[in-house]
Amino acid sequence: MRTLSAGIIPIHRKQGKTLFLILRSYKYWDFPKGTVEEGEDPFQTALRELKEESGIEDVEFPVGKIFVETEPYANGKVARYYLGEVNSLNVVLGLSPELCRPEHHEYRWVTESEASRLLNDRLLKILNWAVQNL
């Protein structure tokens with residue numbers, strides 16, 4: 001059984017420099033994402049999860065709605081990511097109703113090089129896709 005999650009690779013570009021937003025839960029770094037609910041469009045899920053996990057609502061999609069997906073992991077999960085550009089570096093880690101605390105412990109705006117050191121191999125492929133599509 002395949003479980004689909006959807007998220008956004010948030011980027012911020014200024015003065016020729018590109019930063020990526022990554023979120024940490026325990027020792028694991030990822031881009032904002034979450035499970036696609038039944039009947040929900042994955043693109044809408046990605047927008048909802050970006051808002052819930054980072055507080056970011058103002059996002060543009062420089063390559064439209066094209067996406068990249070991870071290979072299946074953890075019992076058939078697949079994560080789909082869209083590339084989104086934001087103007088603000090403001091992040092507010094949202095509270096998870098289930099956990100009664102933020103779902104993530106930390107966030108960072110990082111360069112491609114820094115992201116490459118923090119992300120796992122599955123997400124490095126996603127990062128590389130994003131860089132190629134900038």
Side-chain angles (χ1 to χ4, degrees):
M1 180 178 150
R2 175 179 142 155
T3 301
L4 181 64
S5 63
I8 293 175
I9 305 160
I11 62 165
H12 177 80
R13 294 192 268 200
K14 190 171 186 176
Q15 298 172 340
K17 185 177 181 182
T18 301
L19 297 176
F20 297 84
L21 175 63
I22 57 174
L23 308 174
R24 181 179 64 81
S25 181
Y26 298 96
K27 294 182 180 181
Y28 179 74
W29 290 93
D30 199 347
F31 301 105
K33 72 162 180 8
T35 302
V36 177
E37 304 295 334
E38 189 172 330
E40 188 176 35
D41 174 73
F43 185 74
Q44 293 304 315
T45 299
L47 289 170
R48 175 177 54 78
E49 290 292 335
L50 179 66
K51 180 181 177 185
E52 287 176 4
E53 295 185 356
S54 71
I56 296 172
E57 295 182 74
D58 186 19
V59 58
E60 297 176 10
F61 296 89
V63 295
K65 292 184 180 180
I66 67 167
F67 59 84
V68 62
E69 291 184 346
T70 63
E71 296 174 10
Y73 66 100
N75 298 319
K77 289 183 184 178
V78 172
R80 174 180 296 183
Y81 295 92
Y82 302 89
L83 183 61
E85 186 166 1
V86 301
N87 290 318
S88 173
L89 294 174
N90 274 350
V91 173
V92 177
L93 296 177
L95 291 177
S96 165
E98 296 85 20
L99 301 173
C100 298
R101 64 166 173 75
E103 184 177 341
H104 298 92
H105 300 94
E106 178 183 3
Y107 74 88
R108 290 185 194 173
W109 284 101
V110 296
T111 64
E112 176 188 353
S113 173
E114 292 166 320
S116 294
R117 288 193 300 275
L118 294 169
L119 297 172
N120 66 28
D121 288 344
R122 178 173 23 89
L123 290 169
L124 284 177
K125 292 177 184 175
I126 304 303
L127 176 66
N128 291 336
W129 175 85
V131 169
Q132 290 171 359
N133 281 281
L134 289 176

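Counting begins at 1 with the first residue of the sequence.
- Between the side chain of Glu52 and the backbone N or O of Glu49, no donor-acceptor pair lies under 3.5 Å.
- As a member of the Ile/Leu/Val/Met/Phe/Trp/Tyr network built from side-chain separations under 4.5 Å, Val36 groups with Leu4, Val78.
- Taking every heavy atom of both residues into account, Pro10 and Pro32 meet most closely at CD-CD, 3.7 Å.
- In this structure, the side chains of Ile22 and Trp109 stay at 4.5 Å or more apart for every pair of heavy atoms.
- Closest of all the heavy-atom pairs between Leu93 and Glu106 is CD1-N, 4.1 Å.
- Between the Trp29 side chain and the Asn120 main chain, no donor and acceptor come within less than 3.5 Å of each other.
- Here the side chain of Ser54 pairs a donor or acceptor atom with the backbone of Ile56 at under 3.5 angstrom.
- With ring centers used as reference points, Phe43 lies under 6.0 Å from Phe61.
- A cation-pi geometry, defined here as NZ or CZ lying under 6.0 Å from the six-membered ring centre and within 45° of its normal, holds between Arg122 and Tyr73.
- Hydrophobic clustering (ILVMFWY, side-chain heavy atoms < 4.5 Å, transitive): Tyr81 and Leu47 are in distinct clusters.
- The CD atom of Glu114 sits 11.0 Å away from atom CG of Leu119, with the distance rounded to the nearest 0.5 Å.
- Here the side chain of Arg48 pairs no donor or acceptor atom with the backbone of Leu50 at under 3.5 angstrom.
- Considering only heavy atoms from C-beta on, Asn75 stays 4.5 Å or farther from Thr3 through its side chain.
- At least one donor-acceptor pair closer than 3.5 Å links the side chain of His12 to the backbone N or O of Val86.
- Taking every heavy atom of both residues into account, Val131 and Phe20 meet most closely at CG2-CZ, 3.9 Å.
- Checking side-chain atoms of His104 against main-chain N and O of Leu23 turns up no donor-acceptor pair under 3.5 Å.
- No side-chain donor-acceptor contact under 3.5 Å links Gln44 to the backbone of Asp41.
- Residues Leu127 and Ile9 fall within the same hydrophobic cluster, defined by Ile, Leu, Val, Met, Phe, Trp and Tyr side chains chained together at heavy-atom separations under 4.5 Å.
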